[in-house]
Amino acid sequence: MEAVKFYNSLGRRLETLEPLEPGHVRLYTCGPTVYDRVHIGNLRTFVFEDVLRRTLGFFGYRVTQAMNLTDVEDKIIAAALEAGVDIGAFTAPHVSSFFEDLAALRIERVEHYPRATGHIDEMIAMVEQLLEEGYAYRAGDSVFFRIAADEDYGKLSGIDLDQVRRGERVQSDEYGKEDARDFVLWKGAKEGEPQWASPWGPGRPGWHIECSAMSQRYLGKTFDIHCGGVDNLFPHHENEIAQSESANGSPLARYWLHSEHLTVEGDKMSKSLGNCYTLADLETRGLAARSVRYLLISVHYRQQLDFTFAKVAEADRALKRVDDMRFRLAHQTEQAGDKAPLEEAATGFEGAFVAALADDLNTSAALGAVFRFVHDVNGVIDRGLPFGARERVEGLLQRADQVLAVLDASAWNGDSGAAPDEEPGGLSDAEIERLVQSRSAARAARDFAAADRIRDQLAAAGVVVEDAPGGSRWKRS
RNA sequence: GGCGACGUGGCCAAGUGGUAAGGCGAGGGUCUGCAAAACCCUUAUUCGCCGGUUCGAAUCCGGCCGUCGCCUCCA
């Protein structure tokens, strides 16, 4: 099994992955708060986590992954209240659209999508344990985590709480805290808000306890990898560690991977700038989901990425290069010939691709390897395809695409990309074939006026004819 | 104030000690009846600036300049 290295935020260094159980990786990824449609920034993180998951599978690991859905939280409660529905009814459509977006970007389904509201008992149990062991205390109707009791607090983020700028004032519902830095584990019920019974009276869980309780339920007290966006590193992940490790006396996760944020056209995403694009927004603008995924994986996950429409268009053209090579490959006849050049290219590609992924998920380098291979194969096509070459090349591309999931255009059927301009009653393949053949006949008869008329007709229908040596071929643009 | 990241060709982006991947763009070429498309070739003696370590530095160290992130809403 390939040695895979990751940059571990806990310790801030590159480490070789050694799962607790050989060959099996347990992975927890912080999921969405389902109060709105997820935006392109959220999706970057989910795509990164998908590449991680696929890479582990590529290297032969079995993966058990849990991604939580936060379905009770301040914003949800406020919005549901305003809409006059309960939180379940409010979040349901957002849960659906979330899964639609994942599917649209070819993000694999994971094993578990636990919801906070379905795991209140587990959260209560963990809070009770923290209370018993002195890591938590009651104040009013609420329960807080006692940071002073946790010597390790800050080990993930490296934060020195004495240096932290103090908040201007304590939130009104957090009166009674021993220390302003303590965070809430259980919030006492407020009038009109969703609530659950607990040993401390009715209330609802704090945000951080959710992930601690649910990761333990599905992955165990200690699991292998925990992911999320960098913004969650502090306080969310720090607090998860504090809760879980204080309660269990064992490490929470051994490797912490954080993906960087993206900006949009040079600006930080914000509601006021109106640039918190959802995938639906992008599709409305005619951007293909496939190109969006390509752009998101074209930059290393720990680098900030500036998302621009121009870059999506560039991604489009880059992918076209792959499509064109596969098109040429499919239309070239195989013949007896030297297989060595292709084998050399194949070996180089495999080696570079695997090494790139094993090196902290270097997708930029992996894509670089793909394009070098495309170049090499083009050379092979020019010099004559040896028998078996098509299958060899396609096999390699498919294997790479197990991780990248962008190389095979046919897997993205229904992608909105060029669709908006297309006539609903376009030409069928058979009709196009007939036209192309009559054009070829016209050309053979040197009736170029007629040939050009047919070419124009096809172009109007969105079909490009290419006159290659040995005959004309066509494709929809 | 504390912690951290980044600055590589026109644009984007890999590369963390051994002599600059890849994509887009641009220029040239091949093919073609002409096109288009495609393919091929070319495009950084140099990696923000200054010093240092080293046989050797984009890569390590120090300083400076610039951009950005986090410090309890946030992927």
Side-chain angles (χ1 to χ4, degrees), chain A residues 9 12 14 29-33 38-49 73-75 147 154 157-167 171 174 180-184 207-208 227-236 238-239 258-263 266 268-271 276 294-295 298-300 302-306 308 310-311 313-325 327-328 331 352 356 359 362-375 378-379 381-382 443 446-449 451-452 455-456 459 464-469 472-475 477:
Chain A
S9 300
R12 291 177 184 168
L14 219 52
T29 49
C30 284
T33 299
V38 293
H39 55 64
I40 188 67
N42 296 302
L43 291 169
R44 182 196 191 183
T45 295
F46 300 140
V47 167
F48 145 66
E49 291 161 351
E73 165 272 359
D74 293 349
K75 285 192 290 275
I147 283 178
S157 58
I159 204 158
D160 179 354
L161 286 176
D162 294 331
Q163 297 290 345
V164 168
R165 287 186 304 202
R166 296 304 164 89
Q171 299 245 314
E174 297 195 347
R181 306 165 306 183
D182 291 344
F183 59 91
V184 70
W207 176 43
H208 309 299
C227 297
V230 275
D231 56 298
N232 278 157
L233 200 149
F234 187 86
H236 183 52
E238 193 72 62
N239 291 352
H258 291 97
S259 59
E260 251 303 338
H261 278 190
L262 58 74
T263 51
K268 201 178 165 178
M269 285 192 304
S270 76
K271 286 257 154 75
C276 295
Y294 176 92
L295 174 56
S298 68
V299 178
H300 187 91
R302 285 191 289 109
Q303 290 292 326
Q304 273 191 17
L305 160 64
D306 187 34
T308 68
K311 284 183 194 170
E314 280 180 21
D316 243 354
R317 290 190 287 272
L319 283 168
K320 186 167 180 296
R321 185 163 163 77
V322 178
D323 296 344
D324 285 329
M325 182 276 271
F327 183 84
R328 296 181 75 210
H331 289 76
D359 181 19
N362 191 337
T363 45
S364 306
L367 287 169
V370 168
F371 284 103
R372 183 146 27 172
F373 183 58
V374 167
H375 175 263
N378 272 323
I381 293 172
D382 286 346
R443 289 180 71 216
R446 304 195 66 78
D447 182 359
F448 298 122
D452 290 350
R455 185 165 69 195
D456 292 344
V464 177
V465 193
E466 300 181 2
D467 299 333
S472 300
R473 62 197 181 201
W474 60 272
K475 60 186 169 188
S477 62

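We name chains A, B, ... by the order of the sequence lines, and we start the count at 1 in each one.
Per the geometry, CZ belonging to A:F46 stands 6 Å off C1' belonging to B:A75, to the nearest Å. Here the C1' atom of nucleotide B:C6 and the CZ atom of A:R12 are 15 Å apart, to the nearest Å. Regarding A:R372, its CZ atom lies at a distance of 14 Å from the P atom of B:C40, rounded to whole Å. Atom CG in A:D74 sits about 10 Å away from atom P in B:C73, given to the nearest Å.
Under the side chain to side chain donor-acceptor pair (under 3.5 Å) criterion, A:R372 pairs with no residue at all, not counting sequence neighbours. Legend: residues meeting side-chain contact (heavy atoms from CB on, under 4.5 Å) with A:H331, ordered by chain and number and at least two apart, are A:F327, A:R473. Considering only residues two or more places apart in sequence or on other chains, A:D324 meets the salt bridge (charged side-chain N to carboxylate O under 4.0 Å, His left out) condition with A:K320, A:K475. With sequence neighbours excluded, no residue satisfies side chain to side chain donor-acceptor pair (under 3.5 Å) with A:S364. For A:D359, the salt bridge (charged side-chain N to carboxylate O under 4.0 Å, His left out) criterion is met by no residue, not counting sequence neighbours. Partners of A:Y294 by ring-ring contact (aromatic ring centres under 6.0 Å, His included), not counting sequence neighbours: none found. Residues passing the salt bridge (charged side-chain N to carboxylate O under 4.0 Å, His left out) test with A:R455 are A:D452, sequence neighbours excluded. Residues satisfying the salt bridge (charged side-chain N to carboxylate O under 4.0 Å, His left out) test with A:R302, not counting sequence neighbours, are A:D360.
Side chain of A:N232, nearest nucleotide from B:A38, B:A75, B:C40: B:A75. In the set B:C39, B:C24, B:A37, B:C24 carries the atom at the smallest distance from any side-chain atom of A:A318.
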What N/O pairs connect the protein and nucleotides 14-18 of chain B at under 3.5 Å? Give each pair on its own line.
residue	atom	partner	partner atom	Å
B:A14	OP1	A:H300	N	3.1
B:A14	O5'	A:S364	OG	3.4
B:A14	O3'	A:N362	ND2	2.8
B:G15	OP1	A:N362	ND2	2.9

If you restrict it to nitrogen or oxygen atoms, what contacts under 3.5 Å exist between nucleotides 32-34 of chain B and the protein, and what is each distance?
residue	atom	partner	partner atom	Å
B:G33	N1	A:D452	OD1	3.1
B:G33	N2	A:D452	OD2	3.0
B:C34	O2	A:R455	NH2	3.4
B:C34	N3	A:R455	NH1	3.2
B:C34	N3	A:R455	NH2	3.4
B:C34	N4	A:R455	NH1	3.2

Report each atom pair, protein N/O against N/O of nucleotides 67-70 of chain B, whose distance is under 3.5 angstrom.
residue	atom	partner	partner atom	Å
B:C68	O2'	A:Q304	OE1	3.4
B:C68	O2'	A:Q304	NE2	2.8
B:C70	OP1	A:K268	NZ	2.8

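A:E238 and A:S157 form a side-chain donor-acceptor contact under 3.5 Å, judged by distance and modelled atom types alone.
Side-chain N/O atoms of A:R321 include one lying less than 4.0 angstrom from OP1 or OP2 on B:C39. Put simply, A:H375 has no side-chain N or O that comes within less than 4.0 Å of OP1 or OP2 on B:G22.
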Worksheet item: Can you give the dot-bracket line for RNA chain B, using ( ) for pairs inside the strand, [ ] for pairs that cross earlier ones, | for pairs with another strand and . for unpaired bases, where Watson-Crick and G-U count if both distances are under 3.5 Å?
Response: ((((((((.[[[..)..(...]]]((((((.......))))))....[[[[[..)....]]]]])))))))....
